[in-house]
Amino acid sequence: VLVSPEKLDLVLVTSQSKPVHRSIPAARRDALLKVVAEFRTAVTDPSERDTDNYKESAQQLYQWLIKPLEAELQAKGIDTIAFSMDSGLRSLPIAAVYDGQQFLVEKYSLGLIPSMNLTDTRYVDIKTAQVLAMGASQFKEQNPLPAVPVELSTITKEWSGKGFLNEEFTLANLKSQRAATPFGIIHLATHGEFRPGQPSNSYIQLWNSRLNLDQLRQLNWNNPPVELLVLSACRTAVGDEQAELGFGGLAVASGAKTALASLWYVSDEGTLALMSEFYQQLKQAAIKADALQQAQFAMIQGKVRLEGGLLQVPGFPAGITLPPELVRGAKTLQHPFYWAGFTMIGSPW
């Protein structure tokens, strides 16, 4: 997806045929980015959470970004799309663009790639991978994340691996655990910021220090490879093109084949909901992007919801008990705010 001052260029590349190119003169850069900004604002504004005011801009984006290639996508039987976005578009919650009846994620599993030549496309089945789950619920200078202990315990009950909370969530322990065991999945439940400028400006918060984005490569997660890095509770600077580069390059910077992170600060209950369902789906999905798609679809359908002090998730018949701070009565999580920010970066396979 390439955007110039004069037009939008779409190029569809598949393994079976020649690239297909479409130009959309109506989607000039200024017009396109204006609608992208309107869409993001409507999706993330707390006062809009009970409305569908995002749909007008969501449908316009669908007409520009997807509709011109829709016939080719359907004719080729494509079910997974990996987007390589131009600057200004990498923080677009592409899953929630809307055709008038369905969200894009209801039709395709989706991902974001910095570029094809920087993406490891080799498929590895991770259903038997071990998980290293670490996180923090208390912070000296940031808001607490009361759902994190529940999130970590839910993941480690369902998957083989280890979990570490708060004081045990240190850089030294992260390095030593990974050195001792080749965990295929690393899950970090904590605050993170993707800020403008150099990679050193962006960080993942540990218990007693910050892990800067430019330090990720030092962790040697490419040897042996981390198949999936999950960052829950992280966020990017809204609409900042320099910060987008850090977010888009997260998987590459870490050495992990694939990263899952959020484009904005999703609510604690929204994060817990999606992560609980995502790890359930990961056990049976053909590829990683399918697991994310199915988790988001379950939230759209209202199958994942808050009710009676519990998080109701299809894979947990008895529900997941919420911490007291998150017990606020019945609530659905169908609005795109709760699910559309989670994006798969790097290989969707």
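This chain uses plain numbering: 1 for the first residue, then up along the sequence.
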query = Minimum heavy-atom separation for Q205 to T190, with atom names?
reply = O-OG1, 2.7 Å
inquiry  = As an exercise, state the distance from CG of L272 to CG of L326, rounded to the nearest 0.5 Å.
reply    = 7.5 Å
key: Minimum side-chain heavy-atom gap M299-E277 below 4.5 Å   = no
key: Note, M85 side chain near I94 side chain (heavy atom, < 4.5 Å)   = yes
message = If I take atom OG from residue S200 and atom CG from residue D214, how far apart are they, to the nearest 0.5 angstrom?
response = 5.0 Å
key: Nearest-0.5 Å distance that lies between atom CG in L165 and atom CD in Q138   = 9.0 Å
ask   = Taking the side chain as C-beta and beyond, is there a heavy-atom pair between E106 and Q101 under 4.5 Å?
value = no
task = Might you work through the side-chain contact (heavy atoms from CB on, under 4.5 Å) test for F164 and L174, ending with a clear yes or no?
result = CA-CA 9 Å; F164 298 94; L174 179 60; over 6 Å; no
inquiry  = Within the 3.5 Å criterion, strictly below it, is a donor on T271 or E151 matched to an acceptor on the partner's side chain?
reply    = no
query = Checking side-chain contact (heavy atoms from CB on, under 4.5 Å) against V1, which of L89, D86, D9 comes through?
reply = L89
Student check: side-chain heavy atoms of F316 and L311 closer than 4.5 Å = no
ask   = Taking the inter-plane angle between the rings of F103 and W339 on a 0 to 90° scale, is it parallel (under 30°), tilted (30 to 60°) or perpendicular (over 60°)?
value = perpendicular
key: Chi angles and distances behind the side-chain contact (heavy atoms from CB on, under 4.5 Å) call for L145, F139   = CA-CA 9 Å; L145 297 172; F139 304 87; 3.8 Å; yes
message = Distance alone, cut at 3.5 Å: any donor-acceptor contact between the side chains of T14 and K76?
response = no
inquiry  = I'd like to know if the side chain of N208 pairs up with that of T170 as donor and acceptor (distance under 3.5 Å, no hydrogens or angles considered).
reply    = no
ask   = Checking side chain to side chain donor-acceptor pair (under 3.5 Å) against Y62, which of K67, E70, Q102 comes through?
value = E70
query = Does the pair M275 and L260 meet the rule for a side-chain contact (heavy atoms from CB on, under 4.5 Å), with working shown?
reply = CA-CA 10 Å; M275 291 300 165; L260 175 60; 4.3 Å; yes
message = Looking at R29, I'd like to know if its CZ atom is crowded, meaning that more than 12 non-hydrogen atoms belonging to other residues, nucleotides or ligands lie closer than 6.0 Å.
response = yes
query = Is it the case that more than 12 heavy atoms not belonging to D125 sit under 6.0 Å from its CG atom?
reply = yes
ask   = Mind checking whether I345 and L229 have side chains closer than 4.5 Å, heavy atoms only?
value = no
inquiry  = Show the nearest heavy-atom pair for residues W207 and A136, with the distance to one decimal.
reply    = CE3-CB, 4.5 Å
ask   = Within the side chain of K288, is there an N or O that forms a donor-acceptor pair under 3.5 Å with the backbone of I126?
value = no
inquiry  = Ignoring hydrogens, what is the shortest heavy-atom contact between A261 and L250? Give both atom names and the distance.
reply    = CB-CD2, 4.1 Å
inquiry  = So, taking the atom named CZ in F83 and the one named CE in M344, what distance separates them when rounded to the nearest 0.5 Å?
reply    = 14.5 Å
inquiry  = Looking at every heavy atom in both I204 and L188, which two are closest together, and how far apart are they?
reply    = CG2-CD1, 4.3 Å
task = Find the distance between SG (C234) and CG (L263) and round it off to the nearest 0.5 Å.
result = 8.5 Å
task = Show your reasoning for whether side-chain contact (heavy atoms from CB on, under 4.5 Å) applies to I320 and V313.
result = CA-CA 8 Å; I320 297 172; V313 183; 4.2 Å; yes
task = Give me the ring orientation class for H335 and Y54: parallel if the planes are under 30° apart, tilted from 30 to 60°, perpendicular past 60°.
result = perpendicular
task = Measure the shortest side-chain to side-chain distance between E38 and Q60 over non-hydrogen atoms and say whether it is less than 4.5 angstrom.
result = no
query = What pair of heavy atoms forms the shortest contact from R305 to T332, and how long is it?
reply = CB-CA, 4.3 Å
remark   = Heavy-atom nearest pair, A285 first then K127, reads O-NZ, 2.9 Å
query = So do the side chains of K34 and D30 get within less than 4.5 Å of each other, counting heavy atoms only?
reply = no
